[in-house]
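Because the structure is a prediction, the values reported are computed rather than measured.
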Amino acid sequence: MVALSAAEVRFIQGGIAHDLRSDGRGRYHFRPFSIQSGVIPQANGSGRCKLGATDVIASVKAELGRPPAGRPNHGSLVISVECSPTAAPEFEGRGGEDLSLELQRALERSLLGGPNGAGAAIDLSSLHLLEGKVCWVLYIDTLVLSSDGNLLDALSIAIKAALSNTGIPKVEVLASTSADEDPELDVDNEESSPLDISQVPITITLTKVGRHYIVDATAEEESQMTAAVSVAVNRKGIVSGLTKRGGIGLDPSILADMISVARHVSQTLIPTVDAEIAASESRAAGS
């Protein structure tokens, strides 16, 4: 955590109380961010998000695999998070491993849906190729390059950019097979189809500092938090995941209000993210 003097703590808490944070933002305003698509050519899709001084990358790799047990007509998503030891001193050793696992689990809650795949960010049935035999498995790998707070929200934006940039190769079944034989497939990497990302959520984290909560907290602000609630919301305002951090409990009425604020903020944030992704895709296509 960031070490602050007593005067710095009073300055941060006082600014939040008066709705004027140390960088000039209000309590519910995000820092400026940028999105870059197609940053990893060898991946099926990739995206990078810089949110203030926080910098993260997401890549998507599509590989053929077996459908999940009990869901023969579905594909699957596998998510991993790595925090570079150079991103922050506390990421070295066990600290980085614990944070990576915490972020990964939060992303899984928002993207994977229920046990039967319902509510997943991507229609998993669109990833199946042969019932019970072959499907696409999308490996979503993320990397934290630099950290200045609000990693989860930045990762969710990078993942949405990467999924928007992803092309799924065309597959043709060359020959019919018996139930116990592996099918013969022809994968055409030159021809691909995009994913439907209309249900992919953005995470909005409300960080409680004193009696107030703020969005897009910096590392200094996070050092003063008593609790944080991360709400995954899609463009329809549907909440697909919820993660709480911090040692204190929250009154149900406060939690409900935090969720309401996250949904309200999403009405402005998601169109801005979508516009930035579209602009980034246009730049990548023109380069």
Would you indicate whether the side-chain heavy atoms of [Y] and [X] approach each other to under 4.5 Å?
X	Y	answer
Asp123	Asp196	no
His29	Asp216	no
Glu82	Asp141	no
Glu221	Ile214	yes

same_hphob_cluster([X], [Y]) at 4.5 Å side-chain heavy-atom cutoff:
X	Y	answer
Ile159	Ile57	no
Leu250	Met225	no
Leu138	Leu185	yes

| query | Under 6.0 Å from the NE2 atom of His264, do we count more than 12 heavy atoms belonging to anything else shown? | reply |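 It does not: His264 NE2 has 12 such atoms or fewer within range.
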| query | Is Arg235 atom CZ crowded by more than 12 heavy atoms from other residues, nucleotides or ligands, each under 6.0 Å away? | reply |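 Yes, the 6.0 Å shell around CZ holds more than 12 heavy atoms from other groups.
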| message | Would you say Ser230 and Thr243 are linked by a side-chain donor-acceptor pair, where the criterion is simply a distance under 3.5 Å? | response |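 Their side chains do not contain a donor-acceptor pair, so the 3.5 Å distance test is not met.
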Please tabulate, for side-chain N and O atoms in residues 142-149, each donor-acceptor pair with protein atoms closer than 3.5 Å (sequence neighbours left out).
from: Thr142; atom 1: OG1; to: Ser80; atom 2: O; distance (Å): 2.9
from: Ser146; atom 1: OG; to: Ala53; atom 2: O; distance (Å): 2.9
from: Asp148; atom 1: OD1; to: Ala219; atom 2: N; distance (Å): 3.4

| request: Using a strict cut-off of less than 4.0 Å between a Lys/Arg side-chain nitrogen and an Asp/Glu carboxylate oxygen, indicate whether Arg31 and Asp23 qualify as a salt bridge. | output: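 No, Arg31 and Asp23 are not salt-bridged.
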| Got a sec, which hydrophobics cluster with Phe11, joining ILVMFWY side chains under 4.5 Å apart, including via others? |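 Listed partners: none, Phe11 stands alone.
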For residues 161-173, which side-chain N or O atoms pair as donor and acceptor with protein atoms under 3.5 Å away, sequence neighbours left out?
from: Asn165; atom 1: OD1; to: Ser46; atom 2: N; distance (Å): 3.0
from: Asn165; atom 1: ND2; to: Glu281; atom 2: OE1; distance (Å): 3.4
from: Thr166; atom 1: OG1; to: Ala162; atom 2: O; distance (Å): 2.7

